[in-house]
Amino acid sequence: MADKKLLLIDGNSVAFRAFYALYRQLDRFQNPEGLHTNAIYAFKNMLDVILKQEKPSHALVAFDAGKTTFRTRMFKEYKGGRAKTPSELLEQLPYIKELLADLGIKSYELPDYEADDIIGTYSKKGQEAGFQVAIFSGDKDLTQLATDKATVYVTKSGVTDLEAYTPEHMKEVNGVTPTEFIDMKALMGDNSDNYPGVTKVGPKTASNLIRKYGSVEGVYEHLDDMKKSKLKENLINDKDKAFLAKKLATINCESPVEPEIADLKIEATNVEKLRSFYEQMNFRRFLAELDDSGLASASGEVEEKKVEYEVATEKTQLPEEAEISFYLGMFGENYHTADFTGFSLKIGEKVYVSSDVNLLLTKPYKELLEGSCHKNVFDLKKTLVGLHRLGIKAQHLDYDMLLASYLVNNENNSNDLGEIAHLYDYYQIKSDVDIYGKGKKAAIPDEEIFFNHLANKVVAIEALKAELLKRLKEHEQDDLYETIELPVAHVLAKMEITGLKTEARILTEQGAEIGTKLIKLESDIYDLAGEKFNINSPKQLGQILFEKMQLPVIKKTKTGYSTSVDVLEQLKSQAPIVEKILQYRQLAKLQSTYIKGLLDVIQPDGRVHTRYQQTLTATGRLSSVDPNLQNIPVRLDEGKKIRKAFVPTDNDGYIFSCDYSQVELRVLAHVSGDENMQEAFKTGYDIHAHTAMKIFHLDSPDEVTPNMRRHAKAVNFGIVYGISDYGLSKNLGISRKQAKEFIDNYFEQYPKIKDYMDKEINFARENGYVETIMHRRRYLPDIHAKNFNVRSFAERTAINSPIQGGAADIIKIAMINMQKKLDELNLKTKMLIQVHDELIFDVPADELETIKKIVPEVMQNAVQLDVPLIADANWGHDWYEAK
DNA sequence: TCAGTCACG
DNA sequence: ACGTACGTGACTGAC
């Protein structure tokens, strides 16, 4: 701790920020007496960050004393027109002060002065007394106090993301010094404080004027030098306003504050009072920190709780129990290749830990893992794959904490055991990031910490099991968990382990060809542009197209010109370079993502082993990483050729693919109960043509033109996504009015679809979540958002999630049944890939006929809906031919 | 680490 | 009036 470091906090503005940072959690943060606690909680979090960063010797949190101050007397509208502070925040302020007192930090307010003035005054006093000063606020007004001895930190987003204002940084941001900033504000006025400056003067003009003349006074002294202009006129007219604004904007650094600097010394934390405060607020996380660190630390720096464990050896006598918990440690994300770090095992009350995974190959351990006792794990699929690498065929992995928590609530898609435990108020384990660090700096800590962390994992798995199972039951998700997610994890493990045979030679050949074309395109583009530049840089490309070549700007992004496909498509006819760029983009994508990318991940066995993320998506779909096998090109033939590299294991074998036809629309037809749509599927109509007939009021399918069908197809898609006329019009390039007509017709023809949409949105409003046919949940807290866009998004999600998620449920069931069938029939055929509505298999030649029969059958019968499910099969000697 | 772009269902 | 389709992952350049 530095001897003389003074921390000054703008209590009101930070509390305000804290309140809104956790505004979405407002309902969740309530103590048993009904007091809201979100701002108190976030304030404490912020305080921890600041204390850790600054390590101050002295501190003061300043609050506003009341509405009337010397400024309101100068200008009665000062801060007028502000929305009233919400009562949910007001009620928390006294408790924030209480918290500060318990932590030994002084709070202070002074009638007739604002918090800003108190801070300015102590900042000045502190610097005079030789202190380094750090000021924290949610408000940029305080940046005028920045000096070489005082840094002003302003919250950027949330409460812990801070921007540091030093005099240098002020200069960069505003072009003026901190004191000049007052003058700048005087010219600009301040909307949020409700005082005007000079008409038509904004940040740019104000900054320029002050830089030139140094101050408001300087500006007015030099008025005569200025040319006649609107600006000059405004300056003359608003002179009084400018000088008033300067007075209002200036922080009073000579306020009559009472406490001496020495009185601001941080005192010892009153642990007992703090503990009862946390108990009253129901802050279990902070309580856990207190329990472990006691007096020493109230700053959030805690060790993990110590667990009694034994270091396992070959001689360890393992007790026998019907149920155990097991954790297999690896360093790195990709468990197909990551190094093993160790394991932990909990049998009864005994915990065993080791960093030697080879121990698991010795008899007692191997028998235990392959035997009939029930094992609780965290991430079943990872554990299965890891043990498989060691040559262990684990049996009875019957409980997966990760899967259970994902089903219960997937708002947080972390796959970190510690973080998940924290969601259930279990704080004796830290997150892996806290233990290992992240990015390049990640490393395994000292053995003592590492073993204790491993030990804590099995303890946590067991400790939270009952709670998670209880919640699954409450959500009616036990079936989803037991009969879908757990079994499908086994199937996925098999698929990942099998991997997909990939011909590096084919990729290399294609890469060479593409490389040649890219070089040619590159030089053509440079010629047409008249200079060399990086075509892959949207920024540089934008400058060439829209500045140098003066093409019309169609769309802008946050950072500059948009150069995306739809923009370039519109510019194609105006300059030959555009077409070349489009071709270049397409090929560059193939080269970098698919040729190079895939070559990098072919394992020594000549196969790629993806990982399916089973606990990631908001809807229940899988995702595929390292490599992503769910987005291999198919729409354009140039890209589709990549698929030639994916081949069956046997030279004369087949890649066999089978995909559901319109599965999401069928799910919609089922859940909505719309008779017209159900009828279309039952009679086997082409659904898009059927929709075309409906929305264009035709009598026979013969009247449907290809263009009508295309429009109808887009409407069908739109419906699934939670349609809007604007979105549809943009997609189809038609007028908004016409799009609206399509939609109105659609709802008229399929009336229960509209009912379904309203029903889901209402359900979400009432329950805060929506669910699929199998009770897979998605929480939608934004459904109550005040912001139109945010709320609308939640409403579309409420419509889409049960459909997309329902389709995900169905194919998972099909996968389980399919694997069972393959096993029953003792087939060598392997399931390889799932692409949301499609399954892909590696089929030996002599099994093709069987597979042709059973795969569509199993997929079509996965569930019984009110409409039939249809699955279409394709096959060939590589993945390219299989479609 | 983020934003832009583009590959898939 | 608001500014939009739903769900993903990988690569690149720029900070």
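Chain letters run A, B, ... following the sequence lines, proteins first and then strands; every chain starts at 1. If you're wondering where the values come from, they're calculated on a predicted model, not measured in any experiment.
Remark: the separation of the P atoms in dC6(B) and dA5(C) is 15 Å, to the nearest Å. Spacing of P atoms, dT4(C) relative to dT5(B), comes out at 15 Å, to the nearest Å.
Between Asp524(A) and Lys580(A) a salt bridge is recorded (basic side-chain N to carboxylate O distance below 4.0 Å). We find that Lys548(A) and Glu531(A) are joined by a salt bridge, their nearest charged nitrogen and carboxylate oxygen being less than 4.0 Å apart. Salt bridge absent: Glu496(A) and Arg611(A) never bring a charged side-chain N and a carboxylate O closer than 4.0 Å.
Residue contacts for Lys730(A): at a heavy-atom cut-off of 4.0 Å it reaches the sugar-phosphate backbone alone, with no base atom in range. Residue contacts shown for Ile632(A) are limited to sugar-phosphate atoms, with no base heavy atom under 4.0 Å away. No contact: Arg791(A) has no heavy atom under 4.0 Å from any strand. Using a 4.0 Å heavy-atom distance criterion, Glu664(A) is classed as making no nucleic acid contact. Within 4.0 Å of Ala588(A), counting heavy atoms only, lies no atom of the nucleic acid at all. Nucleic acid contact for Asn787(A): none, since no nucleic acid atom lies under 4.0 Å from a heavy atom of the residue. Using a 4.0 Å heavy-atom distance criterion, Asn534(A) is classed as a sugar-phosphate-only contact. Using a 4.0 Å heavy-atom criterion, one finds that Asn628(A) contacts the sugar-phosphate atoms exclusively.
Looking at residues 555-565 of chain A, you'll see Thr557(A), Lys558(A), Thr559(A), Ser562(A), Thr563(A), Ser564(A), Val565(A) sit with a heavy atom under 4.0 Å from some atom of DNA chain B. The stretch residues 801-810 of chain A touches DNA chain C through Gln804(A), each having a heavy atom within less than 4.0 Å of the strand. For residues 711-729 of chain A, proximity to DNA chain C is found at Ala714(A), Gly718(A), Tyr721(A), Ile723(A), Ser724(A), Tyr726(A), Leu728(A), defined as any non-hydrogen atom under 4.0 angstrom from a strand atom.
Cation-pi geometry between Lys501(A) and Phe646(A) is not met at under 6.0 angstrom from the ring centre and within 45 degrees of the axis. Seen from the ring of Tyr335(A), Lys382(A) does not count as a face-on cation partner, given the 6.0 Å and 45° thresholds. Judged by the 6.0 Å distance and 45° axis criteria, Arg666(A) is not positioned over the aromatic ring of Tyr660(A). Relative to the six-membered ring of Tyr769(A), Arg777(A) meets both conditions, a distance below 6.0 Å and an angle of at most 45° to the axis.
Of the possible donor and acceptor atoms, none in the side chain of Asp725(A) sits under 3.5 Å from a partner among the backbone N and O of Lys740(A). A donor-acceptor contact shorter than 3.5 Å is absent between the side chain of Gln860(A) and the backbone of Pro868(A). The backbone N or O of Gln804(A) sits nowhere less than 3.5 Å from a side-chain atom of Glu664(A) that would complete a donor-acceptor pair. Side-chain atoms of Tyr526(A) never come within 3.5 Å of backbone atoms of Leu521(A) as a donor-acceptor pair (strictly under, hydrogens ignored).
Residues passing the side-chain hydrogen bond (donor to acceptor under 3.5 Å, both in side chains) test with Asn787(A): none are found, sequence neighbours excluded.
Nucleotides of DNA chain C that come within less than 4.0 Å of any heavy atom of chain A span, from the 5' end to the 3' end, dC2(C) to dC15(C).
Within a 6.0 Å sphere centred on CD of Glu509(A), heavy atoms belonging to other residues, nucleotides or ligands number more than 12.
Remark: Leu869(A) CG to Gln662(A) CD distance equals 12.0 Å, nearest 0.5 Å.
Remark: Arg585(A) is not in phosphate contact with dT5(B), judged by side-chain N or O atoms under 4.0 Å from OP1 or OP2.
The aromatic rings of Tyr561(A) and Phe546(A) are tilted relative to each other, their planes meeting at an angle between 30° and 60°.
Stem analysis of DNA chain C (Watson-Crick or G-U pairs, both distances under 3.5 Å, runs of at least three) returns B:1-9 with C:6-14.
Whole-Å rounding puts the Leu590(A) CG to dC8(B) C1' distance at 13 Å. Rounded to a whole Å, the CD1 atom of Ile581(A) is 14 Å from the C1' atom of dT5(B).
A centroid separation of 6.0 Å or more is found between the aromatic rings of Tyr746(A) and Phe742(A).
In this structure, the side chains of Leu839(A) and Met815(A) come closer than 4.5 Å at one or more pairs of heavy atoms.
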